[in-house]
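Basis for what follows: all heavy atoms, side chains included, without hydrogens, waters or symmetry-related copies. None of the values given here were measured: they were computed from a predicted structure. Below, chain A is the first sequence line, B the second, and so on; all start at residue 1.
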Number of protein chains: 2
Amino acid sequence: MEKYKKIGIKLTPQRLAILDFLDGNKDHPSAEEIYREVSKRFPTMSFATVYNTLEALAERGNILELTIDPHKKRFDPNTELHHHLICTKCKRIEDVHTHFELAVPGMHRKGFEVTGNHVAFYGICPACSHRT
Amino acid sequence: MEKYKKIGIKLTPQRLAILDFLDGNKDHPSAEEIYREVSKRFPTMSFATVYNTLEALAERGNILELTIDPHKKRFDPNTELHHHLICTKCKRIEDVHTHFELAVPGMHRKGFEVTGNHVAFYGICPACSHRT
DNA sequence: TGCTTGACAAGAACTATTCTAATGTGATAT
DNA sequence: ATATCACATTAGAATAGTTCTTGTCAAGCA
């Protein structure tokens, strides 16, 4: 795929498969989910390859590493500025494409140079609120 | 200490030491930091006790489990609604006691019942921006 | 007194991630 | 087209953080 060329990493079949799986993916998959899926096509795939690729992509700003799930890292191929709505029961994550104008008041900034922000909304998704 | 009685868990010397360490602590300590500190007073202290106590406290809403640091859990004894400013280099976390009026627009809510939110601000703290 | 419940310590087990060493391979220059 | 080399890949070991298990004990209660 031509569109992946500009990322600036060496393209390999494994990496293309990972990129294809991520492209347009709205499920914020974990390394394990990526591995499970991609290793269907590449049964010899190693976990290290998944992590290496994800790290390389994150470094270049092509994906975001989410620190939302206490148990594992999750990755988001959508690098536009956006926020998340998380079901505290099933851990499903939905995107919230709204821009919030947020600034840290000087008194709390403590000399920090603020570079970004992320809003996590918590709630219960319809599916979970139904079953009990 | 009387003030701990109302938490509703059985108070033991180990738990009192953990509670004392957390009380007013603004450093958002990890389990490991709590263990290191409390085991000075109770050298036989086990990690399991730390985790059990933290879990019990979190369940009862007496502390918050922060999912901000990708490498470890961090705990916040301040359960008032507040937000955080995180140094992406040294992982220091400062509190931001500002109330933001945030609502998820209906189109993104997808039927979620939203129960709360948390804003993470990212930046570089003064100490880190100095040393290169 | 005996029962029940919950807390504890110690360490094993587990999970997610990172590292290592050996081998393989895509991209470029030849 | 081929050789080369830096970078990718693999398998498995290593690590870090967290959770689980087992046996023990103390406190509260019938």
**Q** Taking CG from A:L57 and C1' from D:dC7, how many angstroms apart are they, rounded to a whole number?
**A** 15 Å
**Q** How about A:H83 and A:H97: are their ring centroids closer than 6.0 Å?
**A** no
**Q** Using atom CG of B:L66 as one end and atom P of D:dT18 as the other, report the distance to the nearest whole Å.
**A** 12 Å
**Q** Along nucleotides 14-30 of chain C, 5' to 3', which nucleotides get a B, which get an S, and which get a -, given that the test is a protein heavy-atom distance under 4.0 Å?
**A** --SSBB------BS---
**Q** Without decimals, in angstroms, what is the distance between B:I68 CD1 and D:dG17 P?
**A** 17 Å
**Q** Look at atom CD of A:E113 and say whether more than 12 heavy atoms of other residues, nucleotides or ligands are closer to it than 6.0 Å.
**A** no
**Q** Strictly below 4.0 Å: does A:R15 bring a side-chain N or O up to OP1 or OP2 of D:dC7?
**A** no
**Q** Taking all heavy atoms of A:L64 and all of A:N78, pick out the closest pair and write down the distance.
**A** CD1-O, 3.7 Å
**Q** Would one find a side-chain N or O of A:T49 under 4.0 angstrom from OP1 or OP2 of D:dT10?
**A** yes
**Q** B:T44 near the nucleic acid: base, sugar-phosphate alone, or nothing, with a heavy-atom cut-off under 4.0 Å?
**A** sugar-phosphate
**Q** Any idea how A:Y35 and A:F47 line up, ring-wise: parallel (<30°), tilted (30 to 60°), or perpendicular (>60°)?
**A** parallel
**Q** Using atom CD of B:E65 as one end and atom C1' of D:dG17 as the other, report the distance to the nearest whole Å.
**A** 12 Å
**Q** Show the nearest heavy-atom pair for residues B:T79 and B:G61, with the distance to one decimal.
**A** CG2-O, 3.5 Å
**Q** B:R36 CZ to D:dG17 P: how many Å, rounded?
**A** 10 Å
**Q** For B:Q14 and C:dC8, is the shortest distance between a side-chain N/O and OP1 or OP2 below 4.0 Å?
**A** yes
**Q** Send over the distance from B:D69 CG to D:dA16 C1', rounded to a whole Å.
**A** 12 Å
**Q** Rounded to whole angstroms, how far apart are OH on B:Y4 and C1' on C:dA7?
**A** 19 Å
**Q** Find the distance B:E33:CD to D:dG17:C1' and express it as a whole number of Å.
**A** 13 Å
**Q** Are any non-hydrogen side-chain atoms of B:I34 and B:L54 less than 4.5 angstrom apart?
**A** yes
**Q** Quick one: are B:N117 and B:V104 in side-chain contact, heavy atoms under 4.5 Å?
**A** no
